Amino acid sequence: MSRAFDDLGPYGGPRVSDAGAWPTEPESISPSVRSTPMPIAAIAAALAADDAEERRQAAARLGRADVTEALPLLLRALGDPDWRVRKEATYACHRLIQAAPPPGAEGERPVAPPGGAEGERPSAAQLLVGAVLDALRTSDDVGLRNAAIEVLGYCGSDATPALVAALGELTGDERKLVVDALGRTRDPAALDALYAALAEKDDNLRQSAIEAIAGMGLIARERVTDILYERLSDRDRFVRLTALNGLNGLEAPVPWRVLSLLIDDPILRSAALVAAALAESPEAPRALCAAIATARGGAFAQLVRALARLAEGPLASHVVEALRAAPQEVGARLVQAAAASPGSGAAEPPSWRGFGADPVSGRAQALLLAAMARAPGAADAAVQAMIEPALVETAQRALGLLGGEALPAVLAYLERHIDPDPDLWEGLDDATAALIDGAVAIAEQRGREGALAHPPQPAADPTLDELLGAVRRSVKSPSTLVATSALYGLAKIGTADDFALVVSQTRAISLPVARAAESALAGLSERYPESARALARRLMQVEETHVAAAIVIEALGTADQEETAFLTSVSSVGDVRARRAAVTAIAAAAGASALDVLSLSLADEEREVRLAAARALGRLYASLSDRAGDERARARELLGLVRASGEPELISAAAQEGAPFRSDPPWGEAGDRLSAPVSIDGGEGPTSPSGVSGGPPSGKVL
């Protein structure tokens, strides 16, 4: 699930992909070089060459040599002055470990630990562990030591017993290297030794131990979490920081009573803010809101992200409460942060740089928090954000949170941008249309909450009257997108006075606008049925408005004798749009008496009319009860003709609206079915040779 806060700050923390993962080998050496056998003497000679690339090629071949013979050469390569040779040698060690048969494999002797009984052959990993540990004891070469730690990590659990023993034997910096190697093994058995190292006096050793423990969080989550919690009170600030980062990486919530002691420490503050986003205490939002008032730069960005994450979880109500109770400067800074864009010149606050913060997501989070706080200027910031494509969705959410408080800002924008000059619309169509949609949604919500008088009474709120005026003016916008949004808005908040405006737009040159006007006319007719009935009578008298008349009658759902006669006439003599509208309307308003009209319309010369008739027929058939015997039989006969027509679009249109084609038994003698009308009810059609009734396969739409 997507969340507003998905970055854990400066510490990436353990990831599932880290557990048991090996590094990817570079492609600069072909697999054939690594897999081609080469005499050990030749490899040894190549490792002594002056050319580093030749030495690297030789180190690559050690991964296919006998481990016993290769050990001295591997140690030489691991200590090579060129880092690429050392890295290739570590890959060779990895391949030797992988190539070794698993314990108990057929033909293998039991594997003994280092120093095991005579006659038992140690595994490749155990041989490498012994040789590499000896190198750690005797060599001061930094490159060799680093490579050795990597190889010991590859050995995994095979290295743990020897490393634990070495930790007790060695002194000085070598112990820190052993602790690092124990962490790289990803062996839960190493946790006891690492935990014991936390009791040492050497701070470097303790710090390495806590890092190693935190890195095993996904392998031994419960044990690691307990250790990390314990170390939040450690005397060493670095240990506390690493423990807190480790818990953040595991998304383990830290009690607020503990976090509150850490959040004021400049070194720990960043990690503590991340932890606060995971906290489950209602006190966390209050503390974060208080900190926003004075935070700067990256700290401000982290506070915003932490609060945004809390707002997406069970503490959302506490976040809202804390934001609204916070000092005014908190809301002001959030508004300023939401409005700050590259090149805007805004210097304070914040800096969205650092800590992996994305300026766009940071601004989006700040905008939502400002809306939750109902901060002055939040509505203006949300309106301005509508112009930026990356922030449109967030801006719509913010406007929804602000509700009626956002209407003045929206209206101010619409007043500036509703203009007949097309040049003024360039680049603003999407934003203006979205603002109209958002404002209409707010008005609808206020209507549901009782702020508006129940339709058909006119709106009493001056702000809503102003919004309605802006929507009406937008209907005539040169922008198709804005005009269609305005028409859909009128369907929801318009009054009976808007019928004339909407009817005029049903004849618009732009087809999307005309279609939107048809929908708006239907919506208004459903909301104001008495006015719509009288309007339909007037529209029936003028040929240009026959389409609108049919739409109104369909929306009303009933038709008297005069209206039915009108629809019957228009369905055969009107223009294409009028015939389509009449066919749809007569099926919805006249019921079974429309079957004769539908029968003729199924043969109309225009595809659009035929499709409308097929849809209407399917819908009508689905609405007829079994008691309507004659009408149902007539409708079934017409549907049989539709299916026998062989026109897939007609068949599909009828099926989608309720024709039972999909539930027919599998077809038999399909060619005969297409050449003559067939019954569509199971058991009434011809029977296939297999004894199954005819019809299309179950679930098939033609």
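Fair warning: this is a prediction, and the values are worked out from it, not measured in the lab.
In this structure, Thr484 contributes its side chain and Leu481 its backbone to a donor-acceptor pair below 3.5 Å. A donor-acceptor pair is defined here as one N or O able to donate and one able to accept, closer than 3.5 Å; such a pair exists between the side chain of Ser601 and the backbone of Val597. Side-chain atoms of Ser569 do not come within 3.5 Å of backbone N or O of Ala565 as any donor-acceptor pair. Remark: the backbone N or O of Met540 is paired with a side-chain donor or acceptor of His546 at under 3.5 angstrom. Side-chain N or O atoms of Arg324 include one that pairs as donor or acceptor with a backbone N or O of Met372 at under 3.5 Å. A donor-acceptor pair under 3.5 Å links the side-chain atoms of Gln541 to the main chain of Arg537, judged by distance alone. Judged by distance alone, the side chain of Asp498 and the main-chain N or O of Leu501 form no donor-acceptor pair under 3.5 Å. No donor-acceptor pair closer than 3.5 Å links the side chain of Ser599 to the backbone N or O of Leu595. In terms of modelled atom types and a separation under 3.5 Å, the side chain of Ser645 and the main chain of Val642 share a donor-acceptor contact. When atom types are taken as modelled, the side chain of Ser593 and the backbone of Ala590 share a donor-acceptor pair closer than 3.5 angstrom.
Remark: Arg533 pairs with Glu563 by the salt bridge (Lys or Arg N to Asp or Glu O under 4.0 Å) rule, at least two apart or across chains.
Between Ile387 and Tyr413 the shortest side-chain heavy-atom distance falls below 4.5 Å. Between Val335 and Leu367 the shortest side-chain heavy-atom distance does not fall below 4.5 Å. Contact check for Glu388 versus Val392: no side-chain heavy atoms found under the 4.5 Å cut-off. Contact annotation: the side chain of Leu600 never approaches that of Asp596 to less than 4.5 Å [non-hydrogen atoms, C-beta and beyond]. The side-chain heavy atoms of Leu511 and Arg515, taken from C-beta on, include a pair separated by under 4.5 Å. By the 4.5 Å heavy-atom criterion applied to side chains, Thr564 and Asp560 are not counted as neighbours.
Between the side chains of Glu321 and Ser317, not a single donor N or O lies within less than 3.5 Å of an accepting N or O. Side-chain contact annotation: Arg472 with Thr495, donor-acceptor N/O pair under 3.5 Å present.
If you take OG on Ser519 and OH on Tyr488, they are separated by 4.5 Å, rounding to the nearest 0.5 Å. Interatomic distance, CG of Leu414 versus OG1 of Thr432, reported as 7.0 Å (0.5 Å rounding). One distance of note links CG of Leu490 with CD of Gln505; it measures 10.0 Å at 0.5 Å rounding. Here the CZ atom belonging to Arg619 is positioned 12.5 Å from the CG atom belonging to Leu624, to the nearest 0.5 angstrom. Distance check: Phe300 CZ to Arg333 CZ gives 5.0 Å after rounding to the nearest 0.5 Å. With rounding to the nearest 0.5 Å, the separation of OG1 in Thr463 from CD1 in Ile442 is 11.5 Å.
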Candidate pair Leu611 and Glu649, rule side-chain contact (heavy atoms from CB on, under 4.5 Å), full reasoning: CA-CA 7 Å; Leu611 286 174; Glu649 287 184 324; 3.9 Å; yes
side-chain contact (heavy atoms from CB on, under 4.5 Å) evaluation trace for Leu399 with Leu435: CA-CA 9 Å; Leu399 291 174; Leu435 280 172; 3.7 Å; yes
From CA spacing to verdict: side-chain contact (heavy atoms from CB on, under 4.5 Å), Gln365, Arg305: CA-CA 7 Å; Gln365 292 159 356; Arg305 293 160 62 212; 3.0 Å; yes
Test salt bridge (Lys or Arg N to Asp or Glu O under 4.0 Å) applied to Glu637 and Arg632, step by step: CA-CA 9 Å; Glu637 180 183 353; Arg632 187 175 175 84; over 6 Å; no
Candidate pair Ile551 and Ser525, rule side-chain contact (heavy atoms from CB on, under 4.5 Å), full reasoning: CA-CA 9 Å; Ile551 292 170; Ser525 299; 6.0 Å; no
CA sep, side-chain torsions, deciding dist, call: Glu312, Arg397, salt bridge (Lys or Arg N to Asp or Glu O under 4.0 Å): CA-CA 13 Å; Glu312 296 289 337; Arg397 287 185 60 191; 3.7 Å; yes
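The two residues Ala587 and Leu620 have their closest heavy-atom pair at O-CD1, 4.3 Å. The two residues Leu323 and Leu369 have their closest heavy-atom pair at CD1-O, 3.5 Å. The minimum heavy-atom distance between Glu608 and Arg580, with the atom names listed, is OE2-NE, 2.7 Å. Residues Val360 and Leu391 share a closest heavy-atom pair of O-CD2, 3.8 Å. Between Val573 and Arg579 the shortest heavy-atom distance is N-CD, 4.4 Å. Among all heavy-atom pairs drawn from Leu539 and Thr545, the shortest one is O-OG1, 2.7 Å.
Salt-bridge annotation for Glu631 and Arg636: absent, with no side-chain N of the basic residue lying under 4.0 Å from a carboxylate O of the acidic one. Using a cutoff of 4.0 Å between basic side-chain nitrogens and carboxylate oxygens, Arg527 and Glu444 are not scored as salt-bridged. A salt bridge is defined here as a Lys NZ or Arg NE, NH1 or NH2 lying under 4.0 Å from an Asp or Glu carboxylate O, and Glu415 with Arg473 meets this definition.
Heavy-atom contacts from other residues, nucleotides or ligands closer than 6.0 Å to CD of Glu543 number 12 or fewer. By the neighbour-count criterion of 12 heavy atoms within 6.0 Å, atom CD of Glu544 is sparsely surrounded, having that number or fewer from other residues, nucleotides or ligands.
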